[in-house]
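So you know, we letter chains A, B, ... as the sequences are listed, proteins then strands, and number each from 1. Keep in mind it's a predicted model, so treat the numbers as computed, not measured.
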2 protein chains.
Amino acid sequence: MARLAGRGTGTAPRSIDVARLAGVSQKTVSRVMNGEQYVSGDLRRRVLEAAETLGYRLNHAARALASGRTRSIGVVTLGTALYGPASLLMGLERAVRDTGYTLRVVNTVEGDALGIAGAVDSLLDQGVDGIVISEPIDEEGDADLAIRVDVPFLILGAPPPFTAHRVVTAGLVAHQLARAVTEHLLDLGHPTVHHLAGPQRWYAARDRMEGWRATLAAHGRREPPVLVGDWSAASGHRAGLELAGDRDVTAVFAANDDMAIGLIRALLETGRRVPEDVSVVGLDDIPVAAYVSPPLTTVRQPFDATAEDGLRRLVHAIENPDADPIPAEDPPVNLVVRASTGPPPSGAVSVGGAVLAGGTAAPEGRARTTRTTRTTAPGASDGPSQVPAPQPNRTTAPGRLVSPGRTPSGARQPTA
Amino acid sequence: MARLAGRGTGTAPRSIDVARLAGVSQKTVSRVMNGEQYVSGDLRRRVLEAAETLGYRLNHAARALASGRTRSIGVVTLGTALYGPASLLMGLERAVRDTGYTLRVVNTVEGDALGIAGAVDSLLDQGVDGIVISEPIDEEGDADLAIRVDVPFLILGAPPPFTAHRVVTAGLVAHQLARAVTEHLLDLGHPTVHHLAGPQRWYAARDRMEGWRATLAAHGRREPPVLVGDWSAASGHRAGLELAGDRDVTAVFAANDDMAIGLIRALLETGRRVPEDVSVVGLDDIPVAAYVSPPLTTVRQPFDATAEDGLRRLVHAIENPDADPIPAEDPPVNLVVRASTGPPPSGAVSVGGAVLAGGTAAPEGRARTTRTTRTTAPGASDGPSQVPAPQPNRTTAPGRLVSPGRTPSGARQPTA
DNA sequence: CGCAGTCATGTCAGCGCAGTCATACTGAAA
DNA sequence: TTTCAGTATGACTGCGCTGACATGACTGCG
């Protein structure tokens with residue numbers, strides 16, 4: 001077969017061309033390119049120089065064929081689960097940069113032909129050395145998928161059962177996040193907290209609900225019936241219409257920010273004030289959360305920390321097949337208090353705590369850090385729902401005020 | 001070298017194993033796997049059966065090495081430009097499914113070490129047959145990047161100059177989208193429309209601004225000074241604080257929805273009502289746009305249509321290096337009228353049109369389709385800003401009302 | 001001084017597939 | 001019948017790299 005046209009004109013240089021130019025063996029070029037030890041500084045320099053001269057690029061297909069490793073990690077995303085400016089996917093992308101691996105992302109939407117299993121299959125087909133998967137893995141089928149498959153798995157948000165060989169997990173703090181927001185509401189004096197949960201097939205949904213439930217139990221509060229949404233603002237809106245008629249509802253914890261936004265919208269439409277009549281918290285701290293009206297109290301997902309920790313441990317599992325897995329680190333929990341929460345209206349009675357001034361009093365704007373030393377959200381918001389200035393919405397990646405022409409990573413950008 | 005352990009136990013089957021089992025040559029297996037012609041139905045069946053029996057998976061690295069083609073397409077994303085539930089990236093993912101190609105995504109954030117050029121480089125390094133890139137390509141350096149590189153390029157949102165060999169473009173409708181929202185505001189009777197633009201290095205930003213400018217000119221309206229943001233809600237908020245003092249401002253077109261949301265928030269904080277005092281439109285129709293208060297009038301980005309059209313033409317360019325490029329299709333333009341726009345306050349005078357009833361009158365809720373026969377947004381919103389029920393927010397992909405347990409693709413989902 | 005251990009480099013084969021070319025068989029046109 | 005274009009299959013080779021192994025140079029130590 002004739003040599004293939006490579007990049008640029010003619011033919012791509014190969015390692016043997018570099019070797020000849022540098023006056024070394026092809027193997028030495030290979031060693032240099034792979035950063036192996038046992039190459040003298042002199043030869044290393046000559047090889048790199050020759051490679052530079054020729055514009056040499058290592059052929060990854062050939063390397064994969066020869067070595068049996070692709071140096072790529074597959075990621076299965078579910079709908080938009082991993083997407084967004086602050087997301088695990090972006091965290092993974094950042095984390096993967098220095099590892100020598102690249103990411104291969106396959107997106108799956110619930111209900112489409114390609115399921116999770118199909119996505120995993122497609123990744124294995126393409127050849128990946130490891131797979132990252134997030135919610136949901138339904139318990140029967142997909143659980144042993146991870147175990148059956150012969151590459152290491154990183155399962156984000158999976159519970160303890162998934163501690164099989166070469167399976168690592170990360171991000172098991174959802175119920176801690178839920179606890180933080182629930183306790184925030186109880187601290188404000190609400191008798192109890194209603195919950196708008198996510199789809200129950202998702203671990204994240206169940207985990208958040210468990211955190212809420214456990215917190216209520218720990219405080220000896222009554223547990224109201226749970227509403228279930230589908231993570232979308234639309235489903236939050238529907239839930240809000242259901243709750244709006246019930247005057248006992250003074251505080252609602254929505255399992256994510258989108259549902260919280262839809263829920264608030266429904267409350268406002270039905271004439272209930274937020275937070276004077278009903279306090280609402282979300283979970284995630286999406287970029288617009290600080291700018292909706294009222295600005296949303298929420299708890300930030302530790303995307304970057306979780307992604308980085310998880311990826312590091314996955315790579316470890318890939319490169320040390322027989323070693324013990326590295327234990328997961330506990331990511332930080334950052335509550336961001338904005339203007340969608342406040343004390344309950346005067347009529348409401350707190351079982352365990354003092355009843356605070358009801359009505360129009362606004363929350364002290366304050367970001368609190370739980371179980372971590374990181375501080376957050378320096379700019380605080382206060383006042384009634386229409387008035388407060390939103391605080392910068394990403395503060396661990398500090399809300400740098402951006403001049404025209406610069407674009408912070410938190411911004412949603414246009415596309416065509 | 002010893003055979004490598006493959007998937008499952010032991011060793012992965014190779015095409016030669018399939019060949020032996022089926023009693024044919026390796027080449028015939030190759031032909032079947034690649035869907036080539038000139039294989040009898042009988043042999044094809046035997047081969048597929050044998051492959052099934054052995055659990056054969058084609059080794060993509062070996063194929064890439066032998067054929068010189070990787071069957072993968074690289075995508076460069078900029079910050080979150082391509083992300084999100086409704087996004088070009090998801091459109092590309094859907095579109096790529098049946099092409100036999102896979103996507104390799106490299107994300108870049110403005111200001112990080114990896115620039116666009118670095119991302120392209122990294123993709124070429126990994127070996128891709130084509131590259132998709134979106135905004136921005138800055139005019140000097142990156143322009144000829146596309147041309148210098150030896151694989152076909154799809155540039156999303158690029159203007160006509162980029163019609164070099166093997167470069168195709170798509171999504172050149174930004175100024176039509178801008179025109180749609182600007183005309184909507186003028187139709188309501190506003191004397192003129194202010195503009196909050198995106199960063200001027202982005203084609204999308206300039207294109208949107210041009211659409212706005214041309215529309216004003218066509219209607220003989222004064223062109224107010226332009227504000228510039230960075231696509232983020234935070235920058236929209238800052239712009240809103242600047243505009244709030246100016247009583248001449250009755251209508252603002254923000255170049256994307258996030259900035260519009262931040263802008264509305266700033267107006268509300270400073271005591272201006274939306275839309276009674278100021279009408280605000282965005283651009284994109286992000287999922288929460290229907291649920292913020294007031295629900296946002298915007299124009300939908302034709303993500304799927306653009307992605308599909310662009311990808312189809314890129315694949316054509318890859319597979320037919322010498323053929324003429326397929327011309328781009330004009331994607332639809334869908335204006336979604338919600339509650340953030342209305343007639344100007346009584347004092348304001350429209351130069352070219354009748355002055356409509358000012359103050360609290362609300363817009364007729366209606367989704368309008370421009371330059372296309374597709375209908376959109378059946379549910380309409382009306383009434384003052386706090387009251388209207390939001391309409392389902394994705395209507396071309398119809399806003400199916402979702403029961404618990406199902407998750408529509410428009411929902412933002414949790415991650416751990 | 002001899003030998004083991006470490007470091008530095010090279011030789012060679014083959015990873016699994018698809019391209020090229022050869023070959024054989026079919027049916028219709030000459 | 002011969003010819004020829006089209007159809008169907010196989011033999012062989014090499015894509016560019018890295019693993020296994022060989023080998024030599026050097027070091028330190030008894």
Side-chain angles (χ1 to χ4, degrees), chain A residues 1-7 10-47 50-51 54-71 100 125-127 129, chain B residues 1-7 10-47 51 54-71 100 125-127 129 319:
Chain A
M1 186 186 116
R3 292 289 322 289
L4 288 155
R7 292 150 282 245
T11 276
R14 300 149 301 170
S15 64
I16 189 114
D17 300 322
V18 175
R20 279 201 265 266
L21 182 58
V24 299
S25 73
Q26 191 186 26
K27 181 68 210 187
T28 296
V29 175
S30 169
R31 289 198 177 99
V32 171
M33 291 303 155
N34 288 287
E36 289 175 26
Q37 55 178 358
Y38 303 145
V39 182
S40 66
D42 179 48
L43 280 201
R44 190 178 299 273
R45 231 169 298 119
R46 268 161 57 199
V47 166
L54 296 176
Y56 170 71
R57 280 177 200 281
L58 191 151
N59 181 318
H60 288 249
R63 168 202 263 182
L65 181 57
S67 71
R69 293 175 47 204
T70 59
R71 269 97 168 164
D125 210 72
Q126 293 168 46
D129 297 339
Chain B
M1 186 185 116
R3 292 290 321 290
L4 290 155
R7 292 151 281 246
T11 276
R14 301 150 301 172
S15 63
I16 188 100
D17 300 321
V18 175
R20 280 200 265 266
L21 181 59
V24 299
S25 72
Q26 191 186 31
K27 181 68 211 186
T28 296
V29 174
S30 169
R31 288 198 176 97
V32 171
M33 291 304 154
N34 288 287
E36 289 175 26
Q37 55 177 359
Y38 302 147
V39 182
S40 66
D42 180 45
L43 280 202
R44 190 179 298 273
R45 232 170 296 118
R46 268 159 57 197
V47 166
L54 296 176
Y56 171 71
R57 279 177 199 282
L58 191 151
N59 180 320
H60 287 249
R63 168 203 263 184
L65 182 58
S67 70
R69 292 175 47 203
T70 59
R71 269 96 166 164
D125 210 72
Q126 292 168 48
D129 297 338
E319 299 186 342

Atom [atom1] of [X] to atom [atom2] of [N]: distance rounded to whole Å?
| X | N | atom1 | atom2 | result |
| --- | --- | --- | --- | --- |
| A/Asn59 | C/dG16 | CG | C1' | 14 Å |
| A/Arg14 | D/dG16 | CZ | P | 6 Å |
| A/Ile16 | C/dG10 | CD1 | P | 11 Å |
| B/Leu65 | D/dT13 | CG | P | 18 Å |
| B/Arg63 | D/dG16 | CZ | P | 18 Å |
| A/Lys27 | D/dA22 | NZ | P | 15 Å |
| A/Asp17 | D/dC15 | CG | C1' | 13 Å |

Q. Taking all non-hydrogen atoms of both residues, which atom of A/Ala61 and which atom of B/Ala64 are closest, and how far apart?
A.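 Between these two residues, the closest heavy atoms are CB-CB, 3.6 Å.
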Q.
Please find the pair of heavy atoms, one from A/Asp17 and one from A/Ala12, that lie closest to each other, and give the distance.
A.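 Smallest heavy-atom distance, with atoms named: OD2-O, 4.4 Å.
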Would you say [X] and [Y] make side-chain contact, with heavy atoms under 4.5 Å?
| X | Y | value |
| --- | --- | --- |
| A/Asp42 | A/Arg45 | yes |
| B/Arg14 | B/Asn59 | no |
| B/Val32 | B/Leu43 | no |
| B/Arg71 | A/Gln126 | no |

Q: Please list, chain by chain and in numerical order, all residues satisfying side-chain hydrogen bond (donor to acceptor under 3.5 Å, both in side chains) with B/Thr70, sequence neighbours excluded.
A: B/Ser72, B/Asp129
Q.
Using five pairs at each end of the helix from C/dC1-D/dG30 to C/dA30-D/dT1 to define an axis, what is the angle between those two axes, to 10°?
A.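 Rounded value for the end-axis angle: 40°.
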Q) Is B/Arg46 reaching over with its side chain to a backbone N or O of B/Ala22, donor-acceptor style, under 3.5 angstrom? A) yes
**Q.** Any B/Ser25 side-chain nitrogen or oxygen under 4.0 Å from OP1 or OP2 of D/dG10
**A.**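 Looking at the OP1 and OP2 atoms of D/dG10, one of them is under 4.0 Å from a side-chain N or O of B/Ser25.
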Q. In residues 28-44 of chain A, which ones come under 4.0 Å of DNA chain D, going by heavy atoms?
A.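 Listed by number, they are A/Ser30, A/Asn34.
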**Q.** Selection from D/dG10, D/dA20, D/dG16 that lies nearest to any side-chain heavy atom of A/Ala66
**A.** D/dG16
